> 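First the structure, which I've put down as structure tokens, then a few questions once you've had a look.
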Amino acid sequence: MKMGSFRACLGTTLVFVVFELCRVCCDITDGNAEHLKREHSLMKPYQGVGSQWDFSGSTLVTSSYVRLTPDERSKQGSIWNTVPCYLKDWEMHVQFKVHGTGKKNLHGDGIAIWYTKDRLHPGPVFGNQDQFLGLAIFLDTFHTYSNDDAADRSFPYISAMVNNGSLSYDHGKDGRSSELGGCSAEIRNRDHDTYVAIRYSKGRLTVMVDVDDKNEWKECIDIGGVRLPTGYFFGASAATGDLSDNHDIISMKLYQLMVEHTPEEENLDWTKIEPSVSLLKSPKDNIDDPTGNFRGTPLTGWKVFLLLLCALLGIVVCAVVGAVVFQKRQERNKRFY
């Protein structure tokens with residue numbers, strides 16, 4: 001095989017690698033306005049509040065933010081979209097701010113982002129009802145779990161929970177028994193903007209955060225086998241107990257993801273789907289996982305692709321090196337004739 005052929009093969013492979021890496025890095029939408037669903041979005045100056053959004057409890061709507069709770073004890077507040085969402089594939093970007101005068105470990109409970117069947121039902125789970133139907137993403141800033149098994153888990157902590165109405169959120173263990181996955185993230189008293197992105201597409205739930213003022217998403221949760229129906233409502237809630245914080249929502253922007261489904265999937269009545277997760281092990285097994293990170297599914301498609309690509313590149317490089325060595329030996333042998 002000639003050296004020119006190897007160089008051409010290597011060049012083509014590298015171009016393909018760059019293309020795929022760009023595609024992977026852009027997996028979370030950059031906020032294409034064409035796909036923004038305004039009927040499900042909350043943005044300044046919050047003109048939709050009162051028609052497309054309802055609020056309850058201690059929630060205060062200003063021109064700059066929606067404050068779910070003030071920095072006062074024993075407060076609960078929430079804001080809910082009045083329009084049910086019938087998108088099969090979507091991505092929600094939430095800009096939020098948690099801040100207060102309390103010390104590092106003396107502050108409020110945190111914020112929850114919801115996609116649930118019912119709305120405006122105050123309760124003990126970050127200001128919303130327990131045993132809900134749907135999805136919850138908890139931005140938990142208050143550590144209550146004193147067990148030594150959680151020594152490696154630092155707070156604030158972001159986690160996900162899918163509920164079919166049968167599970168209760170265990171505050172005593174920071175919801176660990178029903179958690180699907182999570183990560184630690186410094187989200188309190190930051191001087192810059194903080195964001196969380198929640199993506200649901202083709203049965204996969206992905207949560208990304210941008211809290212370090214780097215203008216880039218960092219993966220927090222990636223779980224497959226998630227089933228969520230259409231026709232549920234988006235919302236956000238927060239609560240304070242003996243300790244407090246300001247819990248602010250700056251914006252909630254929902255984007256439609258343009259994804260193709262099989263004819264069988266298209267013919268399903270998505271409103272009848274029961275919220276569930278197909279896991280290789282029970283979420284309760286997370287109790288014995290000190291890191292709190294749980295992956296109950298195989299590698300995602302692009303991760304498998306990158307592994308195979310690395311292997312292919314290794315083979316190509318070895319082939320090129322082998323060809324160079326072989327050519328040098330041939331030239332050396334010619335000198336002896």
Side-chain angles (χ1 to χ4, degrees), residues 19-20 23-41 80-94 113-119 132-137 159-167 178-181 196-208 217 219-235 252-283 294-308:
F19 173 79
E20 282 297 319
R23 184 185 65 81
V24 168
C25 292
C26 296
D27 193 34
I28 289 292
T29 180
D30 58 359
N32 190 335
E34 293 180 359
H35 300 153
L36 175 68
K37 309 304 288 185
R38 294 188 178 276
E39 66 271 27
H40 301 298
S41 298
W80 288 89
N81 194 198
T82 63
V83 184
C85 178
Y86 290 99
L87 301 178
K88 299 182 181 71
D89 305 90
W90 48 264
E91 185 170 305
M92 173 67 81
H93 291 195
V94 181
I113 310 299
W114 304 92
Y115 176 68
T116 57
K117 181 178 181 180
D118 301 310
R119 64 189 194 92
F132 57 91
L133 278 162
L135 168 70
I137 305 298
S159 64
M161 178 180 177
V162 171
N163 201 345
N164 63 1
S166 65
L167 299 176
S178 55
E179 173 193 313
L180 298 178
V196 60
I198 306 160
R199 165 180 282 220
Y200 177 68
S201 180
K202 294 185 75 68
R204 179 164 291 276
L205 175 67
T206 306
V207 178
M208 310 285 280
W217 294 111
E219 183 179 300
C220 177
I221 300 169
D222 185 21
I223 299 291
V226 178
R227 288 175 59 82
L228 293 175
T230 58
Y232 280 16
F233 297 91
F234 287 103
M252 297 176 68
K253 299 179 181 180
L254 186 76
Y255 298 93
Q256 180 178 8
L257 302 178
M258 310 310 291
V259 177
E260 291 186 5
H261 288 271
T262 65
E264 292 79 8
E265 290 173 333
E266 292 291 353
N267 291 330
L268 283 176
D269 186 352
W270 286 61
T271 64
K272 304 298 184 184
I273 293 175
E274 180 180 279
S276 63
V277 185
S278 300
L279 298 174
L280 297 182
K281 63 176 182 177
S282 168
F294 174 67
R295 297 290 182 269
T297 56
L299 289 173
T300 59
W302 67 267
K303 291 179 181 177
V304 172
F305 168 80
L306 288 180
L307 288 175
L308 293 175

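As the structure is a prediction and not an experimental result, all values here were calculated from the model.
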> Nearest 0.5 Å, what's the CG-OG distance between Leu133 and Ser166?
9.0 Å
> Considering residues at least two apart in sequence or located in another chain, which fulfil the side-chain hydrogen bond (donor to acceptor under 3.5 Å, both in side chains) criterion with Asp89?
Ser201, His261
> With side-chain contact (heavy atoms from CB on, under 4.5 Å) as the test, pick out the partner of Arg227 among Ile273, Val162, Asn164.
Ile273
> Is the closest side-chain heavy-atom distance between Asp222 and Arg204 below 4.5 Å?
yes
> When rounded to the nearest 0.5 angstrom, what is the spacing between CZ in Arg199 and OH in Tyr255?
12.0 Å
> Ignoring hydrogens, what is the shortest heavy-atom contact between Ser178 and Leu167? Give both atom names and the distance.
CB-CD1, 4.4 Å
> Kindly state each residue pair satisfying salt bridge (charged side-chain N to carboxylate O under 4.0 Å, His left out) with at least one member in residues 265-278, sequence neighbours excluded.
Lys88-Glu266, Lys202-Glu265
> Might you work through the side-chain contact (heavy atoms from CB on, under 4.5 Å) test for Arg119 and Thr82, ending with a clear yes or no?
CA-CA 9 Å; Arg119 64 189 194 92; Thr82 63; 3.9 Å; yes
> Identify the heavy atoms of Ser41 and Leu36 that sit nearest to each other, and give their distance.
OG-CD1, 3.4 Å
> Rounded at 0.5 Å granularity, tell me how far CG in Asn267 sits from OG1 in Thr262.
8.5 Å
> Mind checking ring pair (Phe, Tyr, Trp, His ring centres under 6.0 Å) for Tyr232 and listing every partner two or more places apart, or none if nothing turns up?
Tyr115
> I need the minimum non-hydrogen distance between Glu179 and Ser159, along with the two atoms involved.
CG-CB, 3.8 Å
> Using 0.5 Å steps for rounding, measure from the CH2 atom of Trp217 to the OG1 atom of Thr206.
12.0 Å
> From Lys253 NZ over to Arg38 CZ, what is the distance, rounded to the nearest 0.5 angstrom?
8.5 Å
> Quick one: do Ile113 and Leu135 satisfy side-chain contact (heavy atoms from CB on, under 4.5 Å)? Show the steps, please.
CA-CA 8 Å; Ile113 310 299; Leu135 168 70; over 6 Å; no
> Excluding sequence neighbours, so at least two apart, what forms side chain to side chain contact (heavy atoms under 4.5 Å, CB included) with Leu268?
Trp270
> Looking at Leu87 and Thr230, what are the two nearest heavy atoms and their distance?
O-CG2, 3.7 Å
> With Phe132, which residues qualify under ring pair (Phe, Tyr, Trp, His ring centres under 6.0 Å), at least two apart?
Trp114
> For the pair His40 and Val83, evaluate side-chain contact (heavy atoms from CB on, under 4.5 Å) and give the outcome as yes or no after the intermediate values.
CA-CA 7 Å; His40 301 298; Val83 184; 3.6 Å; yes
> Classify the ring geometry between Tyr200 and Trp90 as parallel (under 30°), tilted (30 to 60°) or perpendicular (over 60°).
tilted
> Taking all non-hydrogen atoms of both residues, which atom of Ala197 and which atom of His93 are closest, and how far apart?
CB-CD2, 3.8 Å
> Main chain of Pro84, side chain of Asn81: is a donor-acceptor contact present, judged purely on distance under 3.5 Å?
no
> For Ile221 versus Gly181, what's the shortest heavy-atom pair and its separation?
CD1-O, 3.4 Å
> Got a sec, which residues hit side-chain hydrogen bond (donor to acceptor under 3.5 Å, both in side chains) with Thr116, two or more places apart in sequence or on another chain?
none
